[in-house]
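Have a look at the structure below, then the notes.
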Amino acid sequence: MRSAASRVAADRRGRRAETIAAWWLRLQGFAILAQRVRTTGGEVDLVARRGRTLLFVEVKARTSRDAGAWALEQHRLRRVARAAESLVVRFGTGCTTIRIDAIIVRPWALPVRLRDVWRGDW
């Protein structure tokens, strides 16, 4: 079990990674519609839109791309998918492409975006 101090430090790292990921998406032309959106089914780190594309984004702060990819566990992605299903009504009007992406934020490296990490029936 993690101590309170380690949970606070992990939360701080997570928030910093989400901020970096949001700016990375902005540089790619996306508008950030929401951050850390909680629903009864789960949580989405970022909701972003560019044109008719809507992204629900899971952000991972890891030391390498591989470590970030391994951290995308199916049960976590299922929670993101459940949250996205309930949020698509709120954010998805007019969108033709809706997907769940992941962004891995690594120290001293550009973020990596993994597209369509979860296929759902929208």
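Since the structure is predicted, the reported quantities are computational estimates derived from the model, not experimental observations.
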Working note: Glu43 + Arg79, criterion side-chain contact (heavy atoms from CB on, under 4.5 Å); need CA distance, chi angles, decisive distance, verdict. CA-CA 7 Å; Glu43 179 181 317; Arg79 288 186 7 220; 5.7 Å; no
Ile103-Leu54 co-clustered via ILVMFWY side chain contacts under 4.5 Å: no
Could you state whether Val44 and Trp118 fall into the same hydrophobic cluster, counting links through intermediate Ile, Leu, Val, Met, Phe, Trp or Tyr residues with side-chain heavy atoms under 4.5 angstrom apart?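 Same cluster: Val44 reaches Trp118 through Ile, Leu, Val, Met, Phe, Trp or Tyr contacts under 4.5 Å.
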Backbone of Val59 reached by a side-chain donor or acceptor of Asp45 within 3.5 Å: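 Here the side-chain-to-backbone pair exists.
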If only atom types and distance count, is the side chain of Asp101 paired as donor or acceptor with the main-chain N or O of Asp116 below 3.5 Å?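 Confirmed, Asp101 side chain pairs with Asp116 backbone.
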Inter-residue atom distance [X].[atom1] - [Y].[atom2], 0.5 Å rounding:
{"X": "Leu55", "Y": "Arg99", "atom1": "CG", "atom2": "CZ", "value": "5.0 Å"}
{"X": "Glu85", "Y": "Ile98", "atom1": "CD", "atom2": "CD1", "value": "11.0 Å"}
{"X": "Ile32", "Y": "Leu46", "atom1": "CD1", "atom2": "CG", "value": "5.5 Å"}
{"X": "Ile100", "Y": "Leu114", "atom1": "CD1", "atom2": "CG", "value": "13.0 Å"}
{"X": "Thr97", "Y": "Arg115", "atom1": "OG1", "atom2": "CZ", "value": "11.5 Å"}

What verdict does the side chain to side chain donor-acceptor pair (under 3.5 Å) test give for Gln35 and Arg15, after you've listed the backbone C-alpha separation in whole Å, the side-chain angles of each residue and the deciding distance to 0.1 Å? CA-CA 10 Å; Gln35 287 185 252; Arg15 287 183 186 275; over 6 Å; no
Just wondering, do Ile20 and Pro111 contact through their side chains at under 4.5 Å, heavy atoms? yes
Given side chains that start at C-beta, do those of Leu25 and Arg113 come closer than 4.5 Å, heavy atoms only? yes
Please step through side-chain contact (heavy atoms from CB on, under 4.5 Å) for the pair Val105 and Trp24, ending with a clear verdict. CA-CA 10 Å; Val105 176; Trp24 183 247; over 6 Å; no
Does Arg62 form a side-chain contact (heavy atoms from CB on, under 4.5 Å) with Arg106? I'd like the steps, not just the answer. CA-CA 5 Å; Arg62 295 295 187 270; Arg106 305 161 298 157; 5.6 Å; no
Neighbour count above 12 (heavy atom, 6.0 Å) for Arg26 CZ: yes
Looking at Arg12, I'd like to know if its CZ atom is crowded, meaning that more than 12 non-hydrogen atoms belonging to other residues, nucleotides or ligands lie closer than 6.0 Å.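 No.
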Charged N to carboxylate O below 4.0 Å: is that the case for Lys60 and Glu58? yes
Asp11/Arg13 salt bridge by N-O under 4.0 Å criterion: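 Salt bridge absent between Arg13 and Asp11.
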Please assess Val47 against Val37 for the test side-chain contact (heavy atoms from CB on, under 4.5 Å), listing each intermediate value before the final yes or no. CA-CA 8 Å; Val47 180; Val37 183; 4.2 Å; yes
Result of checking Leu87, Val88, Val89 against Phe91 for side chain to side chain contact (heavy atoms under 4.5 Å, CB included): Leu87
Show me the side-chain donor-acceptor pairs of residues 64-78 shorter than 3.5 Å, one per line, residues at least two apart or across chains.
unit_1: Ser64; atom_1: OG; unit_2: Ala67; atom_2: N; d: 3.0
unit_1: Glu73; atom_1: OE1; unit_2: Arg76; atom_2: NE; d: 3.0

